[in-house]
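I have placed the structure first, in the form of structure tokens, so that the comments after it can refer back to it.
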Amino acid sequence: MRIATWNVNSVRMRVPRLLPWLQQRRPDVVCLQETKLSDAAFADLLGEQLDGLGYRFAHHGHGQWNGVAILSRVGLDEVTPDFEGQPEYAGVVEARAISATCGGVRVHSLYVPNGRTVGSDHYDYKLAWLDALRAAVATGPAHVALCGDMNVAPADADVFDPAAYIGQTHVTGPERDRIAAFGLVDVVRERWPGERVFTYWDYRAGMFHKDLGMRIDLVLTSRSVADRVAAAWVDRQARKGSGPSDHAPVIVDLDSAPDGDIGPVVPPPSNPVKRGRGVRLPQAPRPDK
DNA sequence: ATGGTTGCGCTGCAA
């Protein structure tokens, strides 16, 4: 089962990149963030085409800002927008979270508040939001994957220049403590310890070209899911070329569960990775430069 | 070149 997460920075603007990417990478479950659409607009824009590609979908958005979705062709059950106890900002519960059970895994598509500046009300909101999410996830199913734009770089290795980020959001102790507090496995970092791996590069000043980025899009899973990881990588190709998002997708391949109880409901059609009997799965591609 | 981009939506704000 292939799970991907991608902050698309407006799904309407990203349709020319998203649809070919779905056909090329063929993820079974896709978490999207910053769709910036209402539920009705998302269905109007993509419903027919996603159906044609074999995806069911659940979207949660109010238009203009935020907006999250889960696409799945391995089941989409118990869809839940928001989470228990999700804090408000300016009197509104923003559309930043949706969860569903897909192929036996409780999948969350998350767009964590940015925090803006340290000590601002938005920063406090970000911390409270992460605290409440942790409490909600703790009461949920054991086989879990938190996927999305966490807006936190878990360690200094996850930013291009730690000195440049001192005093900035995304790298502070309180934010990092809250990511660690989930007690989940950061599967890309576990697979690539010590590698320079980023998922976000500012549009300005040729940051992507110079590989001056941050790793803030994460897949955090229970150990039960992490033990099934065959590959975990950042799809930098999707950040290249014309009209990209400022974020690249993160892609995670899971082998079937050892006891078979949480494997994919259906095998992925025409998987580009050949799975001959007795043939070892290939290593994930190195995060290229 | 003394900033640099993009998206939303129409004026500046968010990222």
Using atom CG of Leu212(A) as one end and atom P of dT5(B) as the other, report the distance to the nearest whole Å.
15 Å
Keeping the roles fixed (side chain from Tyr203(A), backbone from Asp246(A)), state whether a donor-acceptor pair exists under 3.5 Å.
yes
If I take atom NE2 in residue His247(A) and atom P in nucleotide dT5(B), what distance separates them, rounded to the nearest angstrom?
18 Å
Determine: side-chain N/O of Ser245(A) to OP1/OP2 of dT6(B), distance under 4.0 Å, yes or no.
no
Within this structure, what is the NZ-to-C1' distance between Lys210(A) and dT5(B), rounded to whole angstrom?
13 Å
Using whole Å, report how far CD of Glu94(A) lies from C1' of dA15(B).
13 Å
Considering only heavy side-chain atoms of Lys36(A), the closest of dG4(B), dC8(B), dA15(B) is dC8(B)
Euclidean distance for P, dG7(B) against dG3(B) (whole angstrom):
23 Å
What distance, rounded to whole Å, do you find between the two P atoms, one in dA1(B) and one in dG12(B)?
27 Å
Quick check on the 6.0 Å ring-centre criterion: do Phe57(A) and Phe42(A) meet it?
yes
Picking from dT5(B), dA15(B), dG4(B), which would you name as closest to the side chain of Tyr203(A)?
dT5(B)
May I ask you to say what Tyr111(A) touches in the nucleic acid, namely base, sugar-phosphate or nothing, with a heavy-atom cut-off under 4.0 Å?
sugar-phosphate
Counting distance only, does the side-chain N/O of Gln86(A) pair as donor-acceptor with the main-chain N or O of Phe83(A) below 3.5 Å?
yes
From CH2 of Trp65(A) over to P of dA14(B), roughly how many Å is that when rounded to an integer?
7 Å
Among dA15(B), dG4(B), dT6(B), which nucleotide sits nearest the side chain of His122(A)?
dA15(B)
Among dT6(B), dG4(B), dC8(B), which nucleotide has an atom closest to any side-chain atom of Met13(A)?
dC8(B)
To the side chain of Arg14(A), which of dA15(B), dG7(B), dG9(B) is closest?
dG7(B)
Can you tell me how far C1' of dA15(B) sits from CG of Asp149(A), to the nearest Å?
10 Å
What's the closest nucleotide to the side chain of Glu34(A) if the choices are dA15(B), dG9(B), dG7(B)?
dA15(B)
Please tell me if Arg116(A) has a side-chain N or O lying less than 4.0 Å from either OP1 or OP2 of dA15(B).
yes
Output yes when Arg215(A) and Asp186(A) qualify as a salt bridge under the 4.0 Å nitrogen-oxygen rule, no when they do not.
yes
Reference residue Phe160(A); test ring-ring contact (aromatic ring centres under 6.0 Å, His included); the match among Phe198(A), Tyr165(A), Tyr200(A), Trp201(A):
Tyr165(A)
Side chain of Gln64(A) only, heavy atoms from C-beta on: which candidate in dG7(B), dC8(B), dT5(B) is closest?
dC8(B)
Taking atom P of dT5(B) as reference, at what distance in whole Å does atom OH of Tyr200(A) sit?
14 Å
Do the numbers put Arg73(A) on top of the ring of Tyr55(A), so that NZ or CZ is under 6.0 Å from the six-membered ring centre and no more than 45° off the axis?
yes
Find the distance Arg204(A):CZ to dA14(B):C1' and express it as a whole number of Å.
10 Å
Closest to the 5' end of DNA chain B, once Asn9(A) and Gly115(A) are matched to their nearest nucleotides, is Asn9(A)
Please report the distance separating the C1' of dG9(B) from the corresponding atom of dC13(B), rounded so that it comes out in whole Å.
11 Å
Specify the residue among Asp202(A) and Asn114(A) whose closest nucleotide of DNA chain B lies further upstream toward the 5′ end.
Asp202(A)
